[in-house]
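Structure record follows, encoded as structure tokens.
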Amino acid sequence: MLPGGYSEFFSSLRAFLPPSRLLHDELSRLAYGTDASFYRLIPNLVVKVVSEEEIIRVLAESCRLRLPVTFRAAGTSLSGQSLSDSVLIVLAGAWKRYRINEDASRITLQPGVVGAHANVYLAPYRKKIGPDPASINSAMIGGYRRKQRQRHVLRHGAEQLQDDCLDEDHLR
Amino acid sequence: MRIIFGDGSVLDTGDPESRERFAGTHGKLLGRIAEIAGRTKSNGTLASRIRDKYRMKNTTGYSLNALVDFDDPVEIIEHLMIGSEGTLGFIAEVTYNTVPDLPCKATALILFHDIEAACGAVPALKSCSVDAAELMDRASLRSVEGKEGMPEYLSGLGESVAALLVEARASDPSGLAARVEEIRRALDRFPKVRPLEFTGIPAEYEKLWNIRKGLFPSVGAVRRTGTTVIIEDVAFPLPRLAEASLDLRNLFVRHGYGDAILFGHALEGNLHFVFKQDFNVPSEVGRYGDFIDELTAMVVRKYDGSLKAEHGTGRNMAPFVELEWGAEAYALMKEIKSVFDPENLLNPGVVINDDPGAHLRNLKPLPAAHEIIDKCIECGFCEVQCPSKDLTLTPRQRIVVYREMSRLTASGESSGRLAALGGAYRYEGVETCATDGLCSTACPVGIDTGKMIKHIRWRETGRLPHAVARAFAGNMSAVTAAVSAMLSVVGVSHALLGTSLMRRAALALRGISGNRIPLWNEYMPRGAGRIPPSRGIGGMPSGKVVYFPSCINRAMGASRDYDEEVGLAHKTVALLEKAGYEVLFPENLRDLCCGMAFDSKGFREEGAMKADELNRALREVSNDGELPVYVDMSPCLYRMKETLDRRLRLYEPIEFMLAFFPERLKFRKLPETVAIHTTCSSAKMGLSSRFRDLAEMCAERVVVPDGVGCCGWAGDRGFTFPELNASALAGLRSGIPGECSGGYSTSRTCEIGLSLHSGLSYKSIVYLVDRCTTPGVTA
Ligand SMILES: Cc1cc2nc3c(=O)[nH]c(=O)nc-3n(C[C@H](O)[C@H](O)[C@H](O)COP(=O)(O)OP(=O)(O)OC[C@H]3O[C@@H](n4cnc5c(N)ncnc54)[C@H](O)[C@@H]3O)c2cc1C
Ligand code: SF4
Ligand code: SF4
């Protein structure tokens, strides 16, 4: 059934994950072999993780067995970066917690929060997060990748200041 | 930022304790990062190369700026993680600095004679306080012209015209006016095709932004079945943007991509272009390969630009990272990868890839499968909407699997795999789709995957069930009476046996029946009594309304959790009469039904037959649309709007009450917190925010629980596949504050599932409106 080291990997994950979150049937593997790019890779195993404890244990096992893993948030990326022909680790419907600090100058987000939802949480404070991809209604924080250049604001002068405030991640 | 590394270790960069612990266990890693950074900083040419590169928007390779901007290795790691695409570690939490969301906005579509002129105006714009400047070439504008909601003047534009869509924002109107004036002055000297005109009216600027939003999908929607759409994402130095855009256009033509559209974020010199591509034949793959080779060479050699400005390197640009950055910087990236992931186990092949042809491998087939979904670009936008996403499949996955089954069927290869997929698809794809169509609201090409699933069900329905369905369809009155009687019996048993006993009895029954007897739950209604004839009480009625109580509400009465014993149909009549209406019913009401229950299960003909009957009855009683028709279930109303005569003036409860009640009833806010649930049908009709408006007229506080979309009840799937409803509403209970007095919606069946999974009693909004209104007028 499962090739090579995947069978052992599967058994060790079964110790703490229910079978409904360890998918390796033909249909599931195909279904998760797609992101928004024009590439396809079919994973041997799809693992749905809902907590930090789980991901830590999953990574410890994949590392021990030397199995490659890929993370998947919303799978809307366009360059083929959320695909795997080995183990696909999916942020299954969880990882949605957030906190906003007192003056709403900062928001702390788990990677499963959808970008637009973060802005909904911030709306009462008349704030939002910096990045604004066209995929904001679907893409999740885990998949956000805009580079931040805040420091460059200081280094390259006033002209860039404006640009950065509008466009770049304001990562603390 | 909280990071989990490939070995399972944790680093929380904002937590001193975690940093200390990490330094203890991973001192060597921190040391190597510090060493690499030190080496980079002291290499003057490399350091300034890195700084130069980040003057432009760039997501090719790793964020090397971390090495030159920071000294503390933990800070360096934090910034290397951004844009690392899961190749260095897992991000478990991240803190963003927020930016102000400025409420006042104004937008202008500025038309220039050609793309050079448009690009030429960008540096002037950049010196202003401008929030966005989106460049669109003529091909872009053409791709959306003539479509619904697009400005008419697009159609008459000259052949070379190009546009900048400019937006300014401010915290107050006077600030906005100043910014608009600043932009106007800065652009004064540039010749334009039409006079510069800003609009601050939301409906108008949304229309303008829809031009921009429609671009990518427009190519997806017109491509030939079997081909894919590709979007590229390059950046050039701003002063050379005009020149670069002309070079790109020439390149497209040379490689046979003449119909590509070009647009982008002009302020950052970031250009996107979208084109159709066939990957089914080797020569086409070769053409794409040649095109990319020339593109990358031009962007890098001629302009020293970025190959991926925002979409990330992925597999697509991994073979070209070295070309863009040079050997020295690329070696640095490989070294960084090896420090974090020495065995190349984290997303191998992404960002760093030694295969020069990696971008041409593992190409995804997009075979013709079903005309409803053939335009799907597999973008995944629909997934967040889907009630079955955590239980079985998402809409995108339903399409992906269906495509593969079609491909296997057509090619005849691997019948074993086809059988395995087909067998699993029955439940995962077909049975557990709620066919609510909410996926279509998020889809850039408007695909309703539920429609395809209904089509599959229709094809699969055998002869026997058709006979049964037809018998049902012809005897609606007997069916509603039987359901009503059955529910009455169930209701009596519930009263006698109590909730937990009933649930156990129902579970047992369902097991014996092979899951065919619907699962009972305590929120199920009792049978409804007969609909009373309208008496026109309460003074002189002023105006008439036709009321069509859906078959569901005719059969289902109040359930035990209702605090009143009155079923919805009775309640609705009373409320309409309170509002001064004389209420009329269509002839033969007992036999009428919108036909959805048949259609959604694949019984199309029977569904059409019922729709036809209803159409005739409603035309008659409403005088061919003279009188408004009130329908008490949103899903039925939605279907009726699709299937019945356009002359009929059909109203959903929310629409009707907002349109007519304020002048007929006096609303008084109740001192309560209420939860509302917008049904999929209401959402598809754009009524989500209007539902909130209505509820806010009735209660002091209105909550809309987070992240709850379609409830997954799906007419009656909640009875037969209760796990779909449970999965869709898993987050509901935690989203409802304790002080909530009740939940309100506009679909009886959805309300059963909502009550079950929240523990709060959900009923029709009619009950709330009735409680908070008295005859009179709302000021
Ligand atoms: C129509 C369309 C328009 C788009 N427009 C834009 C745009 O305007 N701007 C833009 O920048 N992008 C755009 N994108 C691309 C894409 O939507 C974004 O890049 C988005 O940020 C990806 O988010 P995701 O949740 O889908 O991530 P995914 O695709 O799931 O993942 C993206 C990458 O992040 C990694 N990852 C996911 N979660 C984690 C984690 N917790 N820790 C570490 N790594 C993780 C994955 O392994 C993968 O490499 C567009 C895409 C589409 C389909
Ligand atoms: S159906 Fe879903 S994946 Fe396909 S194009 Fe529409 S939103 Fe994208
Ligand atoms: S119709 Fe509903 S359940 Fe079916 S795919 Fe679309 S959103 Fe999902």
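Just so you know, these numbers use all the heavy atoms, side chains as well, and skip hydrogens, waters and symmetry mates. A quick note: this is a predicted structure, and the numbers were derived from the prediction, not measured. Note on naming: letters A, B, ... go to the chains in the order of the sequence lines (proteins, then strands), and numbering restarts at 1 for each one.
You'll find the side chain of Thr95(B) stays beyond 4.5 Å of the side chain of Ile107(A), heavy atoms only. A heavy-atom distance below 4.5 Å is not found between the side chains of Phe71(A) and Asn347(B). At a threshold of 4.5 Å between non-hydrogen side-chain atoms, the residues Val94(B) and Tyr144(A) do not count as touching. Counting heavy atoms from C-beta on, the side chains of Gln397(B) and Ser28(A) never come closer than 4.5 Å. Taking 4.5 Å as the limit, every side-chain heavy atom of Glu26(A) sits out of range of all side-chain heavy atoms of Glu404(B).
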- request: Show your reasoning for whether side-chain contact (heavy atoms from CB on, under 4.5 Å) applies to Asn137(A) and Phe381(B).
  value: CA-CA 7 Å; Asn137(A) 288 327; Phe381(B) 284 10; over 6 Å; no
Verdict with supporting geometry, Leu30(A) and Arg417(B), side-chain contact (heavy atoms from CB on, under 4.5 Å)
CA-CA 11 Å; Leu30(A) 170 65; Arg417(B) 183 147 180 273; 4.1 Å; yes
Requested in this report: List the steps, then state whether side-chain contact (heavy atoms from CB on, under 4.5 Å) holds for Thr98(B) with Tyr125(A).
Outcome: CA-CA 10 Å; Thr98(B) 59; Tyr125(A) 308 94; over 6 Å; no
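For chain B, the nearby part of Leu91(A) is the side chain; its heavy atoms alone come within less than 4.5 Å. Proximity to chain A is absent for every atom of Arg398(B), based on heavy atoms less than 4.5 angstrom apart. Interface residue Glu383(B): only side-chain heavy atoms are found under 4.5 Å from chain A. Contacts of Ser37(A) with chain B are made by backbone atoms alone, with heavy-atom separations under 4.5 Å and no side-chain atom involved. For Leu393(B), the part sitting under 4.5 Å from any heavy atom of chain A is the side chain, from C-beta outward, and nothing else. Neither the backbone nor the side chain of Pro444(B) comes within less than 4.5 Å of any heavy atom of chain A. No part of Tyr402(B) comes within reach of chain A, as not one of its non-hydrogen atoms sits under 4.5 angstrom from that chain. For a residue to count as touching a neighbouring chain, one of its non-hydrogen atoms must lie under 4.5 Å from one of that chain's; by this rule Ser135(A) touches chain B with backbone and side chain alike. Both the backbone and the side chain of Val401(B) come within contact range of chain A, judged by heavy atoms closer than 4.5 Å. Interface residue Val10(B): only side-chain heavy atoms are found under 4.5 Å from chain A. Contacts of Asp233(B) with chain A are absent, with no heavy-atom separation under 4.5 Å from either backbone or side chain. Heavy-atom distances place the side chain of Leu122(A), and not its backbone, under 4.5 Å from chain B. With a 4.5 Å cut-off on non-hydrogen atoms, Thr313(B) touches chain A through its backbone but not through its side chain. Heavy atoms closer than 4.5 Å to chain A are found in both the backbone and the side chain of Leu363(B).
Most heavy-atom pairs under 4.5 Å with chain A: of the set Arg169(B), His359(B), Met81(B), this distinction falls to His359(B). Options Leu102(B), Leu421(B), Ile231(B) differ in how many heavy-atom pairs under 4.5 Å they form with chain A, and the most are formed by Leu421(B). Your options are Glu428(B), Arg2(B), Met317(B), and the one with the most heavy-atom pairs under 4.5 Å with chain A is Arg2(B). Contact count versus chain A (heavy atoms, under 4.5 Å) is highest, among Gly380(B), Cys382(B), Gly312(B), for Gly312(B). Between chain A and the options Val400(B), Thr394(B), Asn362(B), heavy-atom pairs under 4.5 Å are most frequent for Asn362(B). Counting heavy-atom pairs closer than 4.5 Å to chain B, the top residue among Ser62(A), Ala60(A), Ser105(A) is Ser105(A). Chain B forms more heavy-atom pairs under 4.5 Å with one residue of Arg99(A), Glu61(A), Lys48(A) than with any other, namely Arg99(A).
Across all their heavy atoms, Pro111(A) and Glu93(B) have their closest contact at CD-N, 4.3 Å. When all heavy atoms of His311(B) and Ser79(A) are compared, the closest pair comes out as O-OG, 3.5 Å. Residues Arg396(B) and Ala36(A) come closest through the heavy atom pair NH1-N, 3.6 Å. In terms of heavy-atom proximity, Ile4(B) sits nearest to Ile56(A) at CG2-CG1, 3.8 Å. Residue Lys364(B) comes nearest to Thr34(A) through the heavy atom pair NZ-CG2, 3.4 Å, listed as atom of the first residue, atom of the second, then distance. The two residues Pro348(B) and Val69(A) make their nearest non-hydrogen contact at CD-O, 4.2 Å.
Lys213(B) contributes no side-chain N or O that, together with a main-chain N or O of Ala134(A), makes up a donor-acceptor pair within less than 3.5 Å. For the pair Glu343(B) (side chain) and Cys63(A) (backbone), a donor-acceptor distance under 3.5 Å is absent.
The environment of Arg64(A) atom CZ is dense: over 12 non-hydrogen atoms of other residues, nucleotides or ligands sit within 6.0 angstrom.
Note: Phe38(A) and Phe279(B) have tilted aromatic rings, judged against thresholds of 30 and 60 degrees for the angle between ring planes.
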